[in-house]
Engineer: 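What follows is a single structure, and I will ask about it in a moment.
Below, chain A is the first sequence line, B the second, and so on; all start at residue 1. Not measured: the values here are computed from a predicted model.
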Amino acid sequence: MLDTLGSLERSHTCGELREAQVGESVVLMGWVAKKRDFGVFTFIDLRDRHGLTQVVVSEETASEAHAKAKNLRGEFVIAVKGEVVSRADGTRNAKLATGDVEIKVSELLIFNDAKVPPFQLEVAGSENLASEDTRLKYRYLDLRRAALQQNIIMRAKAVKAIREYFDGRGFLEIETPILLKSTPEGARDFIVPSRIHTGKFFALPQSPQILKQITMIAGLDRYYQIARCFRDEDLRADRQPEFTQLDMEMSFVNREQVYREMEGMFNHVLKLIGVDLPSEWPRMTYAEAMRRYGSDKPDLRFGMELQDLSESLKETDFAPFADTLKAGGEIKAIVVKGKADYSRKQTDELQEFVRRYGAGALAWIKVGTASGSERVLNSSLTKVLGEPKIEELASKAGAGEGDAVLIVAGKKSVVAAALGALRNEVARRENLIDRSKYECLIVTEFPMFEHDEETDTYVAAHHPFTSPMDEDLELFRTGVNDPSQHHLLGQVRSKAYDAVINGYECAGGSIRIHQQEVQALNFKALGMSPESARERFGFFLDALEYGTPPHGGFAAGIERTCMILCGTENIRDVMAFPKTASAQDLMMDSPGEVDESQLKELGVKVT
RNA sequence: GGGGUCGUAGUUCAGUUGGUUAGAACGCCAGCCUGUCACGUUGGAGGUCGCGGGUUCGAGCCCCGUCGGCCCCGCCA
């Protein structure tokens with residue numbers, strides 16, 4: 001027989017009682033985390049989201065409650081009335097915030113029983129936690145674990161801090177619709193059939209990009225929103241089909257003014273974990289980031305910069321290198337300190353790793369020491385390049401005694417991707433990352449276009465409303481209007497930028513095009529006819545013609561920011577109800593089928 | 001779309017060159033226990049080895065297919 005709550009009110013949470021409350025009469029409510037039965041008395045660890053408090057039910061002083069406690073099992077929901085008592089010396093628990101006290105129970109209420117959970121919530125040695133799919137199916141149980149609750153709490157704090165920041169800076173929180181129009185461009189849309197307009201569809205926002213720009217045209221001046229976004233693309237450890245971003249836009253601003261808000265917001269949010277970021281973050285152009293780190297989101301918590309060996313190898317007749325250079329590629333390397341003892345197995349593994357990014361091979365030089373102090377060079381290239389050349393390359397790369405040099409040759413994009421990833425991989429393997437450090441960076445001047453080799457076309461590197469750099473405007477005009485100069489588009493830089501913390505792209509944005517003429521040029525550059533541009537973005541092009549102020553903004557990933565705040569590398573750890581890598585919700589078993597009658601009403605047929 | 005990896009009790013895992021009745025820990029159930037907090041202790045229950053096919057006298061183990069989890073490449077304006 002279960003008890004009812006009635007008018008009983010809890011007086012404290014399970015995380016707050018201390019020595020100071022000894023003697024007070026209290027009411028706690030929560031879940032049974034653990035029961036330890038000693039016959040004449042029983043200990044219960046009572047849990048809520050605030051913590052754990054030990055309660056004692058004694059046969060001698062509360063026989064009725066003690067008899068009831070016999071029936072308790074894990075995850076039962078109970079209330080205890082009793083007195084806070086100080087624990088005797090030697091029975092205090094230093095591991096518990098409430099460990100100096102316990103509740104001497106006078107009355108026990110059982111509000112609900114519970115089935116035996118399909119997995120253990122807390123296991124000694126957290127590596128024995130049940131597999132993630134089991135926990136996702138019973139997410140409500142997994143969410144009872146303190147570690148996950150702390151993440152959810154941190155996320156709530158982060159969102160609150162973001163609102164605080166923008167509110168304090170005169171920004172208006174404005175909601176934009178979830179039911180939009182599909183603009184087939186970029187990511188795949190999630191589409192929603194319209195019942196009233198049979199055969200027509202809404203699309204869920206990939207981001208509120210156009211709408212926030214329209215709020216600028218509308219004169220709202222400073223907008224922000226905690227916006228849910230949807231992208232029907234394959235998932236990753238840091239990517240989900242629906243996610244949340246802080247979206248902001250402001251009028252009459254240059255890039256530096258947007259950077260200031262980006263820095264200000266992140267600096268405010270990272271205070272939540274006691275991290276002080278510099279008020280002005282370092283800046284680095286995209287070109288420099290790619291050259292030095294092989295990545296547009298370099299992790300600056302460690303060095304190991306890319307070293308260019310192309311110059312030293314321009315005379316080589318070793319075909320793989322010579323061909324690479326002839327084709328406009330490059331040969332670069334990273335130096336791994338103290339790793340001249342890499343085994344063949346290890347370098348093979350790393351070679352396997354870089355091959356994923358399109359690298360043909362991974363060459364290496366190991367600067368070792370023979371018996372005594374004689375310096376010995378060992379390399380996969382000794383036979384083809386000769387000892388003197390190896391010596392030159394090692395010194396060019398900056399390798400000292402005991403170091404390993406890892407070399408990749410190929411197209412610039414491949415070398416950057418392979419070595420950029422290898423740099424992170426090696427740092428992870430060799431534990432080169434100081435987890436207490438937080439290194440931030442603003443990457444600037446992203447290219448306006450990316451070259452698609454298959455079709456020899458230029459596609460927008462950012463969204464198609466990103467403004468080119470003023471300095472590159474002529475280059476842009478020529479590249480668009482003179483077909484023979486089309487390749488110039490590859491050199492046009494944009495006013496797009498990213499905020500990077502610890503190698504995570506936390507935010508990205510740009511100054512937008514606010515003039516119709518430049519916008520039309522951009523659509524042309526992207527291979528869009530005026531007609532198709534009008535069909536897709538007509539309403540927006542119209543809006544641009546009614547007095548658009550110069551404007552720009554950024555969007556920050558809430559989950560990625562929370563991953564940094566929580567120190568996790570998995571996006572599912574900072575979402576209450578995440579989906580699996582195959583975009584399913586194992587708890588509610590979505591996506592699911594719908595009734596034939598629903599489909600009929602919508603005029604939708606499943607083939 | 002491609003690659004890697006994993007799938008054995010409720011959970012985490014072990015399981016020998018293919019060989020008798022598939023094990024351990026935790027959890028669960030029942031009893032005992034006056035200070036535990038990874039309680040202790042005695043006893044007990046619990047398995048379609050993801051699923052389907054094949055090879056074999058014999059398959060958890062080998063082969064083929066398939067499903068699912070995780071990670072990566074492509075993709076993510």
Engineer: Give A:Asp232 one of three labels, base, sugar-phosphate or nothing, depending on what nucleic acid heavy atoms sit under 4.0 Å from its own.
Structural biologist: nothing
Engineer: Determine the Euclidean distance between corresponding P atoms of B:C63 and B:G68; express it in Å to zero decimal places.
Structural biologist: 22 Å
Engineer: Return the value, rounded to whole Å, for the distance between atom CG of A:Leu72 and atom P of B:C37.
Structural biologist: 19 Å
Engineer: Please tell me whether A:Asp133 and A:Ser131 have a donor and an acceptor in their side chains that are separated by less than 3.5 angstrom.
Structural biologist: yes
Engineer: Can you tell me how far C1' in B:C32 sits from the matching atom in B:C71, rounded to whole Å?
Structural biologist: 49 Å
Engineer: Would one find a side-chain N or O of A:Arg36 under 4.0 angstrom from OP1 or OP2 of B:U36?
Structural biologist: no
Engineer: Could you tell me how the ring of A:Phe38 sits relative to the ring of A:Phe43: parallel (under 30°), tilted (30 to 60°) or perpendicular (over 60°)?
Structural biologist: perpendicular
Engineer: If the C1' atom of B:G7 is compared with that of B:G60, how far apart are they to the nearest Å?
Structural biologist: 12 Å
Engineer: Taking the six-membered ring for Trp, are A:Tyr138 and A:Tyr140 parallel (under 30°), tilted (30 to 60°) or perpendicular (over 60°)?
Structural biologist: perpendicular
Engineer: Quick one: the side chain of A:Arg87 and the base of B:C37, do they pair up donor-acceptor inside 3.5 Å?
Structural biologist: yes
Engineer: Does A:Arg92 reach a base, just sugar-phosphate, or nothing at all? Heavy atoms under 4.0 Å.
Structural biologist: base
Engineer: Need one value for A:Phe353: base, sugar-phosphate or nothing, where a base atom within 4.0 Å counts as base even if backbone is also close, heavy atoms only.
Structural biologist: nothing
Engineer: Pairing check on B:U34: which nucleotide meets the Watson-Crick or G-U wobble criteria with it, both distances under 3.5 Å?
Structural biologist: none
Engineer: If the cut-off is 4.0 Å, is A:Arg355 near the phosphate of B:C73, judged by side-chain N/O to OP1 or OP2?
Structural biologist: no
Engineer: Give me the distance, rounded to whole Å, that separates B:G3 from B:C61 when you measure between the C1' atoms they each carry.
Structural biologist: 25 Å
Engineer: Using a heavy-atom cut-off of 4.0 Å across all strands, would you classify A:Ser582 as base, sugar-phosphate, or nothing?
Structural biologist: sugar-phosphate
Engineer: For A:Asn71 and B:A30, give me the distance from atom CG to atom C1', rounded to whole Å.
Structural biologist: 14 Å
Engineer: If you only use heavy atoms from C-beta on, which nucleotide in B:U12, B:U34, B:G69 is closest to the side chain of A:Glu60?
Structural biologist: B:U34
Engineer: Nearest-nucleotide wise, let me know which of A:Gly39 and A:Asp238 is further upstream toward the 5' end of RNA chain B.
Structural biologist: A:Gly39
Engineer: Quick check: do A:Val408 and A:Lys332 have side-chain heavy atoms less than 4.5 Å from each other?
Structural biologist: no
Engineer: For the P atoms, the ones on B:U12 and on B:G50, what distance do you get once it is rounded to whole angstrom?
Structural biologist: 13 Å
Engineer: Describe, in one word, how the ring planes of A:Tyr458 and A:Phe449 are oriented to each other, choosing from parallel (under 30°), tilted (30 to 60°) and perpendicular (over 60°).
Structural biologist: perpendicular
Engineer: A:Glu122 has an atom CD; how far is it from atom P of B:G10, in whole Å?
Structural biologist: 22 Å
Engineer: Select base, sugar-phosphate, or nothing to describe what A:Arg239 touches, counting heavy atoms under 4.0 Å on all strands.
Structural biologist: base
Engineer: Taking the side chain from A:Glu559 and the backbone from A:Thr244, do they hold a donor-acceptor pair closer than 3.5 Å?
Structural biologist: yes
Engineer: So, OP1 or OP2 of B:G68: does either fall under 4.0 Å of a side-chain N or O from A:Gln584?
Structural biologist: no
Engineer: On RNA chain B, does the nearest nucleotide to A:Leu586 precede the nearest nucleotide to A:Gly74 from the 5' side, or the other way round? Give the residue.
Structural biologist: A:Gly74
Engineer: For a quick check under 3.5 Å, do A:Gln206 and A:Asp189 share a side-chain donor-acceptor pair by atom type?
Structural biologist: yes
Engineer: Rounded to whole angstroms, how far apart are CD on A:Glu233 and P on B:G2?
Structural biologist: 17 Å
Engineer: Any side-chain heavy atom of A:Arg560 sitting closer than 4.5 Å to one from A:Ile501?
Structural biologist: no
Engineer: Looking at A:Lys70 and A:Glu59, does any basic side-chain N land under 4.0 Å from a carboxylate oxygen?
Structural biologist: no
Engineer: Report the nucleotide, chosen from B:C73, B:U36, B:G27, that has the shortest atom-to-atom distance to any side-chain atom of A:Phe43.
Structural biologist: B:U36
Engineer: I'd like to know if A:Arg356 reaches the base of B:G74 with its side chain such that a donor and an acceptor end up less than 3.5 angstrom apart.
Structural biologist: no
Engineer: Whole angstroms only, please: what is the NZ-P distance between A:Lys137 and B:G68?
Structural biologist: 15 Å
Engineer: May I ask you to evaluate whether A:Lys34 reaches the phosphate of B:U36, defined as a side-chain N or O under 4.0 Å from OP1 or OP2?
Structural biologist: no
Engineer: Have a look at A:Ala88 and say if it touches a base, only the backbone sugar-phosphate, or nothing, with a 4.0 Å heavy-atom cut-off.
Structural biologist: nothing
Engineer: Could you check how far CG of A:Asn570 sits from P of B:C72, rounded to whole Å?
Structural biologist: 9 Å
Engineer: In the structure shown, which nucleotide is the Watson-Crick or G-U wobble counterpart of B:C26, with both distances under 3.5 Å?
Structural biologist: B:G10
Engineer: A:Leu96 CG to B:A38 C1': how many Å, rounded?
Structural biologist: 14 Å
Engineer: Between B:U17 and B:G4, how far apart are the two C1' atoms, rounded to whole Å?
Structural biologist: 28 Å
Engineer: If you only use heavy atoms from C-beta on, which nucleotide in B:C71, B:C75, B:C33 is closest to the side chain of A:Phe38?
Structural biologist: B:C33
Engineer: Does A:Thr580 make a side-chain N or O approach to OP1 or OP2 of B:G69 shorter than 4.0 Å?
Structural biologist: yes
Engineer: What about A:Glu102: does its side chain form a donor-acceptor pair under 3.5 Å with the base of B:G35?
Structural biologist: yes
Engineer: Tell me the interatomic distance from A:Lys104, atom NZ, to B:U34, atom C1', rounded to whole angstroms.
Structural biologist: 14 Å
Engineer: Could a donor-acceptor pair under 3.5 angstrom be found where the side chain of A:Arg135 meets the base of B:U11?
Structural biologist: no
Engineer: Who does B:U5 pair with, Watson-Crick or G-U, both distances under 3.5 Å?
Structural biologist: B:G69
Engineer: Rounding to the closest angstrom, what is the interatomic distance between B:G27 and B:G10 at atom C1'?
Structural biologist: 7 Å
Engineer: Pick base, sugar-phosphate or nothing for A:Arg73, based on heavy-atom distances below 4.0 Å to the nucleic acid.
Structural biologist: sugar-phosphate
Engineer: Heavy atoms only, 4.0 Å cut-off, all strands: where does A:Glu352 land among base, sugar-phosphate and nothing?
Structural biologist: nothing
Engineer: Using the C1' atom as the reference point in each nucleotide, state the distance between B:U42 and B:U48 in Å, no decimals.
Structural biologist: 33 Å
Engineer: Under the 5.5 Å and 30° test, is A:Phe119 stacked on the base of B:U11?
Structural biologist: no
Engineer: Which part of the nucleic acid does A:Gln120 contact within heavy-atom distance under 4.0 Å: base, sugar-phosphate only, or nothing?
Structural biologist: base
Engineer: Would you say a side-chain N or O of A:Lys115 is under 4.0 Å from OP1 or OP2 of B:G10?
Structural biologist: no
